[in-house]
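These numbers come from a predicted model, not from an experiment. Hydrogens, waters and symmetry mates play no part in the numbers below; they use all other heavy atoms, side chains included. All chains are named by letter (A, B, ...) in the order of the sequence lines, taking the proteins before the strands, and each is independently numbered beginning at 1.
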Number of protein chains: 2
Amino acid sequence: MRPLTGKWKIEIMWSLAQGTHRFGELRRALPGITQHMLTVQLRELEADGLVKRTAYEEMPPRVEYDITEAARGLQPVFQTLIAWSKQHGPISRRHTVDRE
Amino acid sequence: MRPLTGKWKIEIMWSLAQGTHRFGELRRALPGITQHMLTVQLRELEADGLVKRTAYEEMPPRVEYDITEAARGLQPVFQTLIAWSKQHGPISRRHTVDRE
DNA sequence: CCGGATCCTTTTTGATACTG
DNA sequence: CAGTATCAAAAAGGATCCGG
């Protein structure tokens with residue numbers, strides 16, 4: 001099992017759980033993420049059936065992201081994890097990077 | 001935020017959520033994990049305050065692992081994720097390795 | 001039985017530049 | 001605006017051998 005692996009997936013899903021977002025909106029909602037990473041993670045989430053991508057072929061381009069029905073069942077997970085991390089601080093993955 | 005990152009952490013926590021386990025028991029409960037990885041992940045979980053380790057200096061050695069009080073609040077997360085993955089299949093991290 | 005220490009491979013992440 | 005292409009660095013994962 002490998003749920004929601006990736007440095008930003010929880011936060012992405014949490015953002016999307018609160019409503020449709022455009023690419024640029026997500027980028028602003030996740031300070032520190034690069035376009036590259038946002039693209040990669042969204043693509044993976046899409047492939048995993050957690051995110052739905054809707055592209056409008058207009059000028060200027062517009063792309064919207066939503067969570068899928070399947071992912072609705074995970075919504076409490078996102079909520080709990082976000083809330084938990086606010087209380088206990090971030091967990092794991094070199095949480096103490098102590099640059100040096 | 002980086003919750004429960006690691007290939008085995010969810011499953012480890014899920015196992016421990018169901019009761020105290022010894023090292024060897026966990027190993028058997030997680031087919032495919034190496035002792036090395038189990039050690040590493042347990043150490044990280046311990047450092048993150050999600051797991052409590054109790055070593056008995058006996059012969060033969062015995063070590064028990066439990067989830068901490070702080071981690072109790074995450075128990076529904078483990079449950080939901082495990083249940084979800086049983087329905088929808090594993091998520092992410094090269095789930096389609098399609099070896100040639 | 002429960003690890004630690006090494007060494008090596010694979011995956012992930014990130015910086016930067018470029019495009020319809 | 002919403003990406004793609006490259007390249008490089010870092011982190012995670014795993015095999016194997018050693019020790020109390």
> Is the phosphate of dG14(C), meaning OP1 or OP2, less than 4.0 Å from a side-chain N or O of K7(A)?
Replying inline: yes

>> If you only use heavy atoms from C-beta on, which nucleotide in dG3(D), dT6(C), dG14(C) is closest to the side chain of F23(A)?
In response: dG3(D)

> R53(A) side chain: which of dG14(D), dG3(D), dT13(C) is closest?
Replying inline: dG3(D)

>> What is the separation between atom CG on L30(A) and atom P on dG14(C), rounded to the nearest whole Å?
In response: 12 Å

> When you measure from the side chain of Q41(B), which nucleotide among dG4(C), dG13(D), dG14(D) comes out closest?
Replying inline: dG13(D)

> Contacts to DNA chain C from residues 54-65 of chain B, heavy-atom cutoff under 4.0 Å, which residues?
Replying inline: P61(B), V63(B), Y65(B)

>> Without decimals, in angstroms, what is the distance between R27(A) CZ and dG3(D) P?
In response: 11 Å

>> Without decimals, in angstroms, what is the distance between W8(A) CH2 and dA11(D) C1'?
In response: 15 Å

> Within the distance-only criterion (no hydrogens, no angle test), does the side chain of W84(B) pair as donor or acceptor with the backbone N or O of A70(A) below 3.5 angstrom?
Replying inline: yes

>> Can you give me the closest heavy-atom contact between I33(B) and M37(B), atom names plus distance?
In response: CG1-CB, 3.9 Å

>> I'd like to know if the side chain of T68(B) reaches the main chain of G49(B), judged simply by a donor and an acceptor atom lying under 3.5 Å from each other, with no hydrogens or angles considered.
In response: yes

>> Could you tell me how far apart K9(A) (NZ) and dT11(C) (C1') are, to the nearest whole angstrom?
In response: 12 Å

>> Please report the distance, rounded to the nearest Å, between CD in Q35(A) and P in dT13(C).
In response: 16 Å

>> Nearest to the T39(A) side chain among dC2(C), dT13(C), dT4(D), which nucleotide is it?
In response: dT4(D)

> Which pair of heavy atoms, one from Q75(B) and one from A17(B), lies closest together, and at what distance?
Replying inline: NE2-O, 3.5 Å

> Could you give the CD-to-P distance, from E25(B) to dC1(C), as a whole number of Å?
Replying inline: 11 Å

> Say you draw a straight line from NZ of K7(B) to OG1 of T5(A); how long is it, rounded to the nearest 0.5 Å?
Replying inline: 10.0 Å

> Rounded to the nearest 0.5 Å, how far does CD1 of I12(B) lie from CD1 of I67(B)?
Replying inline: 13.0 Å

> Between the side chain of Q18(A) and the main-chain N/O of W14(A), is any donor-acceptor distance below 3.5 Å?
Replying inline: yes

> Under 3.5 Å, is there an N or O donor on one side and an acceptor on the other linking the side chain of H36(B) and the base of dA12(D)?
Replying inline: no

> How many Å lie between CD1 on I10(B) and P on dA12(D), as a whole number?
Replying inline: 15 Å

> Quick one: L38(B) CG to dA15(D) P, roughly how many Å, whole number?
Replying inline: 14 Å

> With nearest nucleotides of DNA chain D determined for G32(B) and R43(A) from heavy-atom distances, which residue corresponds to the more 5′ nucleotide?
Replying inline: R43(A)

> If you check every side-chain atom of R22(B), which of dC2(C), dG3(D), dA15(C) has the closest atom?
Replying inline: dC2(C)

